[in-house]
Number of protein chains: 2
Amino acid sequence: MSRTVAESMALMEQETHLTESRPASPGTLRPGGRTAKVRRAVLDATRDALAEAGFHALNMDRIAAHAEVGKTTVYRRWGSPVGLVTDLLHDMAEQSLPASDTGSLAGDLRANAELVRATLTDPRMGAVFRAVIAAAACDEECARALAGFYRTRLAEWAPVVARGAARGEVPAETDPAELLRAVSAPLYYRFTVTHEEVTAAAAERAVTAALAAARDGVFARA
Amino acid sequence: MSRTVAESMALMEQETHLTESRPASPGTLRPGGRTAKVRRAVLDATRDALAEAGFHALNMDRIAAHAEVGKTTVYRRWGSPVGLVTDLLHDMAEQSLPASDTGSLAGDLRANAELVRATLTDPRMGAVFRAVIAAAACDEECARALAGFYRTRLAEWAPVVARGAARGEVPAETDPAELLRAVSAPLYYRFTVTHEEVTAAAAERAVTAALAAARDGVFARA
């Protein structure tokens with residue numbers, strides 16, 4: 001991969017909208033306050049550590065040092081590596097971007113598949129996703145947080161399908177979540193299971209296959 | 001899940017054809033000889049340990065004790081937990097069963113999807129697959145072995161698609177591997193990424209969606 005660090009960072013923001021200055025979840029923290037800054041620094045350090053060495057190498061003391069935050073604070077607020085990963089996934093869900101609106105369902109789904117492909121093949125973000133997927137395989141709390149992240153993304157992209165159905169591109173009774181899962185599944189399957197390259201051709205085929213099935217009524221609500 | 005141990009074992013044999021008496025890979029070991037028996041005992045202990053505690057808890061000394069094999073032998077032949085998982089995956093690939101032949105492509109793909117679903121939802125085999133998928137996320141050698149396992153399974157099931165194409169059920173130029181991946185992907189996506197239940201309805205939908213796309217020519221060879 002020849003993507004530059006700047007491009008990687010842009011991608012990362014595109015997918016998860018992580019910005020240093022953005023306030024953390026409302027209601028629990030004063031936006032821009034010290035607590036929010038500590039959380040941002042700790043979650044950034046967690047993401048970096050996951051990208052570099054994976055879930056099982058996650059070390060609370062090193063996270064505290066990298067984030068320039070006291071160890072006691074990190075232990076008290078996050079408790080364990082699982083607590084860090086879980087909060088990172090909540091943060092990624094809170095900050096993920098709205099869906100595309102290209103004017104056609106095929107265009108929007110193509111943008112979605114291309115975003116998934118770009119994220120999984122980006123050396124840095126690919127490593128973060130690999131680490132959180134491994135964490136979810138090993139820990140029930142991480143699994144719930146990862147499931148929550150994808151529920152949020154499905155909810156954000158569901159209107160794309162509703163708009164496509166309103167334009168008559170797929171049957172009105174199409175279940176948006178099922179169609180969106182069908183676009184992502186072949187890409188994640190390559191990434192996590194068969195460890196085959198997530199190519200642009202695979203992304204395009206995922207969209208075409210999902211749309212063919214949707215038009216056939218396969219994803220109609222039960 | 002209320003599946004009995006006996007049913008779990010039957011399932012496991014169905015998916016991977018692991019039997020105590022079956023000789024290991026030909027050419028390297030004398031069938032039924034002492035080396036083959038040691039390998040069988042060590043790989044069975046590895047599979048049990050993965051099912052019970054996952055990849056990161058894999059401990060060479062405990063595997064040796066459970067297999068009733070000397071520690072020195074286990075360290076010398078397998079070297080590390082990665083060596084154990086890699087050899088288990090090779091063994092699972094060597095021993096996996098031939099594909100279904102129900103007389104129709106839809107029937108064969110349904111049998112395939114149902115086998116994947118039954119395996120992933122079986123408490124014991126599901127835990128083994130979760131552990132090897134996590135191992136593959138953390139280690140390149142495990143990732144290659146897991147990819148090899150799925151390549152073997154794709155090769156075994158490819159004739160199902162060729163027969164279906166010969167009967168005119170899908171276009172003649174359909175790429176068997178692409179159609180088969182499309183059946184498995186949604187089930188593994190739920191299992192590894194979104195941690196949603198792998199239901200019988202999801203298996204049926206995976207087959208119907210893959211067939212609709214195949215009939216539309218989406219999986220035609222490039």
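Letters A, B, ... mirror the listed sequences (proteins, then strands); counts begin at 1. Just so it is clear, the values below take in all heavy atoms, side chains as well, and ignore hydrogens, waters and symmetry mates.
In this structure, CD1 on I133(B) lies 8.0 Å from NE2 on H195(A), to the nearest 0.5 angstrom. Distance check: D216(A) CG to L211(B) CG gives 10.0 Å after rounding to the nearest 0.5 Å. Summarising the geometry, atom CD belonging to E196(B) is positioned 7.0 Å from atom CG belonging to L154(A); distances are rounded to the nearest 0.5 Å. Interatomic distance, T194(A) OG1 to R153(B) CZ, rounded to the nearest 0.5 Å: 13.0 Å.
Listed options R215(B), R205(B), E204(B) were ranked by heavy-atom pairs under 4.5 angstrom with chain A; first place goes to R205(B). Ranked by heavy-atom pairs under 4.5 Å with chain B, the list S184(A), A131(A), G217(A), A135(A) is led by S184(A). Interface remark: of the candidates A209(B), A210(B), A134(B), A209(B) forms the most heavy-atom pairs closer than 4.5 Å to chain A.
Only the side chain of E178(A) comes within contact range of chain B, with heavy atoms under 4.5 Å apart. Residue contact with chain B, scored on non-hydrogen atoms closer than 4.5 Å, involves the backbone and the side chain of A136(A) alike. Of the two parts of A143(B), the backbone and the side chain both hold a non-hydrogen atom closer than 4.5 Å to a non-hydrogen atom of chain A.
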Only pairs under 3.5 Å count here: list side-chain donor-acceptor contacts from residues 144-152 of chain B, not counting sequence neighbours, and write none if there are none.
residue, atom, partner, partner atom, Å
Y150(B), OH, Y188(B), OH, 2.8
T152(B), OG1, G148(B), O, 3.0

Donor-acceptor pairs under 3.5 Å, side chain of residues 57-67 of chain A to any protein atom, not counting sequence neighbours: which ones?
residue, atom, partner, partner atom, Å
N59(A), OD1, D61(A), N, 2.9
N59(A), OD1, R62(A), N, 2.9
D61(A), OD1, Y75(A), OH, 2.7
R62(A), NH2, A57(A), O, 3.3

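At a threshold of 4.5 Å between non-hydrogen side-chain atoms, the residues C138(A) and H56(B) count as touching.
Of all heavy-atom pairs between A213(B) and A212(A), the closest is CA-CB, 4.0 Å. Contact record, R130(A) with A137(B): CD-O, 3.6 Å, taken as the closest heavy-atom pair.
More than 12 heavy atoms of other shown residues, nucleotides or ligands fall within 6.0 angstrom of atom CD in E52(A).
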